[in-house]
J.: 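Pasting in a structure now, in structure tokens, and then I'll have a few things to ask.
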2 protein chains.
Amino acid sequence: MDVKTVCLGMLTDGPASGYDMKKCFESSFGHFFPAGYGSIYPALATLARNGMVEFEEVPQEGKPDRKVYTITEKGRKELMQGLSNPQPTHRVRSEFLAMMCFAHLMTEEQVNLVIDNKLLEIENFLKLFEKPLCNQCSSMPNGARFVAGFGQFVASSLKGYIEENREMLTSSGAEKVKVAVGQ
Amino acid sequence: MDVKTVCLGMLTDGPASGYDMKKCFESSFGHFFPAGYGSIYPALATLARNGMVEFEEVPQEGKPDRKVYTITEKGRKELMQGLSNPQPTHRVRSEFLAMMCFAHLMTEEQVNLVIDNKLLEIENFLKLFEKPLCNQCSSMPNGARFVAGFGQFVASSLKGYIEENREMLTSSGAEKVKVAVGQ
DNA sequence: CTTTTATATATCAAACTGATAGTATGCATC
DNA sequence: GATGCATACTATCAGTTTGATATATAAAAG
């Protein structure tokens with residue numbers, strides 16, 4: 001299950017260009033499966049070379065040609081193959097958590113800044129769900145609703161955990177008391 | 001903040017070999033910052049080349065020599081530099097969620113198998129916290145306790161969300177009803 | 001009038017992933 | 001008694017991904 005498979009999946013919704021797909025990654029997929037041009041374009045090139053997709057070059061005025069990709073029958077089979085893995089991964093790579101492991105090497109100001117920024121980031125993410133948006137909330141496939149709900153739920157859990165435990169990372173009560181008692 | 005920085009951080013706890021660090025990644029760091037030999041050994045080689053670490057080759061009986069790395073003063077400065085980024089990332093890459101977006105292209109059996117496996121995986125992960133382990137729970141730096149608690153909290157949140165919403169992904173009541181009414 | 005944003009393509013160095021390889025001991029399974 | 005597997009240690013490699021950059025034009029923002 002790499003970027004190629006996700007691109008094939010996106011194309012089951014209708015033809016699209018690499019640029020369209022990038023926007024789709026940015027707005028939704030990218031929150032749990034990031035991809036940039038550097039992986040999308042090579043993926044599409046490989047898929048085309050292997051007959052999984054076909055493309056039509058659509059000329060435009062004043063803009064580069066659009067390459068509009070369509071999934072083929074072979075591509076659909078490949079997609080089903082990709083969806084047949086019974087143990088898909090779910091990986092986190094967090095500079096944030098790695099950094100917090102070394103909080104004792106940082107100043108209190110540094111730690112607080114990092115945490116405040118992270119909370120802001122999470123709050124901004126949660127705002128995406130408040131809007132009357134979900135352009136097609138009702139028309140959204142169940143899978144997409146499950147995943148969106150997942151993201152919202154995890155984000156608000158995170159926020160709660162960080163808020164309730166952040167003092168663990170800074171001059172914790174315990175340590176301050178010890179110092180006071182020691183003197 | 002790449003593997004090099006995390007290696008430097010690990011070395012502030014005392015000298016270690018690449019193999020030791022791999023075990024450390026496997027047992028703890030890897031849950032939120034994965035790294036394999038393919039990134040650890042090149043990272044250590046680069047760090048040594050740039051004077052961030054020094055190493056001593058310790059011969060052993062019947063086993064390959066251990067290369068025991070120690071952080072240098074220059075390495076400590078580099079680490080502080082790495083810890084000074086006020087906006088560390090926290091990224092998820094989830095084949096699981098991507099797959100669930102395409103649940104409507106899968107059979108109900110496939111979806112159920114994937115979800116059952118994922119729940120088992122989460123339960124196994126949660127078992128790591130039940131043990132009287134945390135070899136040094138009390139001696140653990142606060143940062144590590146914060147991060148461990150974070151992992152435990154997120155995992156149990158995930159479990160709850162999946163259990164409560166999984167029926168959204170399979171032949172949902174709603175759709176079954178619609179079919180029945182339509183006939 | 002200049003900078004930014006949007007539309008569209010594409011590439012590249014550096015980093016990372018997952019697998020493989022080599023070498024030696026011990027331990028269990030057949 | 002042999003075969004395979006786990007542990008201990010190093011290391012590399014092909015394929016992917018990341019993040020930045022390049023190219024080109026037009027419209028909107030400042």
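Remember, predicted model here, so these are calculated numbers, not experimental data. Below, chains carry the letters A, B, ... as their sequence lines are ordered, and counting in each starts from 1.
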J.: What's the CD1-C1' distance between B:Ile40 and C:dG18, to the nearest Å?
T.: 13 Å

J.: For the residue pair B:Tyr69 and B:Tyr19, is the inter-centroid distance of their aromatic rings smaller than 6.0 Å?
T.: no

J.: For B:Lys22, which contact category applies under a 4.0 Å heavy-atom criterion: base, sugar-phosphate, or nothing?
T.: nothing

J.: Can you check the B:Asp20 CG to D:dT7 P distance for me, whole Å?
T.: 15 Å

J.: Can you identify which nucleotide, out of D:dT16, D:dT18, D:dT10, has its nearest atom closest to the A:Ser39 side chain?
T.: D:dT18

J.: Please walk me through it: do A:Asn112 and A:Arg166 pass side-chain hydrogen bond (donor to acceptor under 3.5 Å, both in side chains)?
T.: CA-CA 8 Å; A:Asn112 277 321; A:Arg166 62 179 297 174; 3.0 Å; yes

J.: Please determine if a side-chain N or O atom of B:Arg91 lies less than 4.0 Å away from the OP1 or OP2 oxygen of D:dG19.
T.: yes

J.: Between D:dT17 atom C1' and A:Phe29 atom CZ, what is the distance in whole Å?
T.: 18 Å

J.: Please state how far atom CZ in A:Phe33 lies from atom C1' in C:dT17, giving the value in whole angstrom units.
T.: 13 Å

J.: Side chain of A:Tyr19: nearest nucleotide among D:dA8, C:dA8, D:dG19?
T.: C:dA8

J.: Starting at atom NZ of A:Lys4, determine the distance to atom P of D:dG15, rounded to an integer number of angstrom.
T.: 11 Å

J.: Inspect the surroundings of CD in B:Glu123 and state if more than 12 heavy atoms from other residues, nucleotides or ligands are less than 6.0 Å away.
T.: yes

J.: Can you check whether A:Lys67 has a side-chain N or O nearer than 4.0 Å to OP1 or OP2 of C:dA10?
T.: yes

J.: CD of A:Glu26 versus P of D:dT18: gap in Å, rounded?
T.: 13 Å

J.: Find which nucleotide of DNA chain D each of B:Gly18 and A:Val3 is nearest to by heavy atoms, and output the residue with the more 5' nucleotide.
T.: B:Gly18

J.: Considering only side-chain heavy atoms of B:Pro42, which listed nucleotide, D:dT12, C:dA10, D:dT10, is closest?
T.: D:dT12

J.: For A:Met21 and C:dA10, give me the distance from atom CE to atom P, rounded to whole Å.
T.: 12 Å

J.: For B:Tyr69 and for B:Thr89, locate the closest nucleotide of DNA chain D by heavy-atom distance; then report the residue assigned to the nucleotide nearer the 5' terminus.
T.: B:Tyr69

J.: Taking B:Glu26 first and then B:Lys22, would you say they form a salt bridge - that is, a charged N and a carboxylate O separated by under 4.0 Å?
T.: yes

J.: Take atom OH of B:Tyr37 and atom P of C:dT23, then tell me their distance rounded to the nearest Å.
T.: 17 Å

J.: Where the side chain of B:Tyr41 is concerned, which of D:dT10, C:dC16, C:dA10 is the nearest nucleotide?
T.: D:dT10

J.: Would you say a side-chain N or O of B:Arg93 is under 4.0 Å from OP1 or OP2 of D:dT17?
T.: yes

J.: In the hydrophobic clustering (ILVMFWY, side-chain contacts below 4.5 Å, transitive), which residues join A:Val58, or is it alone?
T.: A:Val68

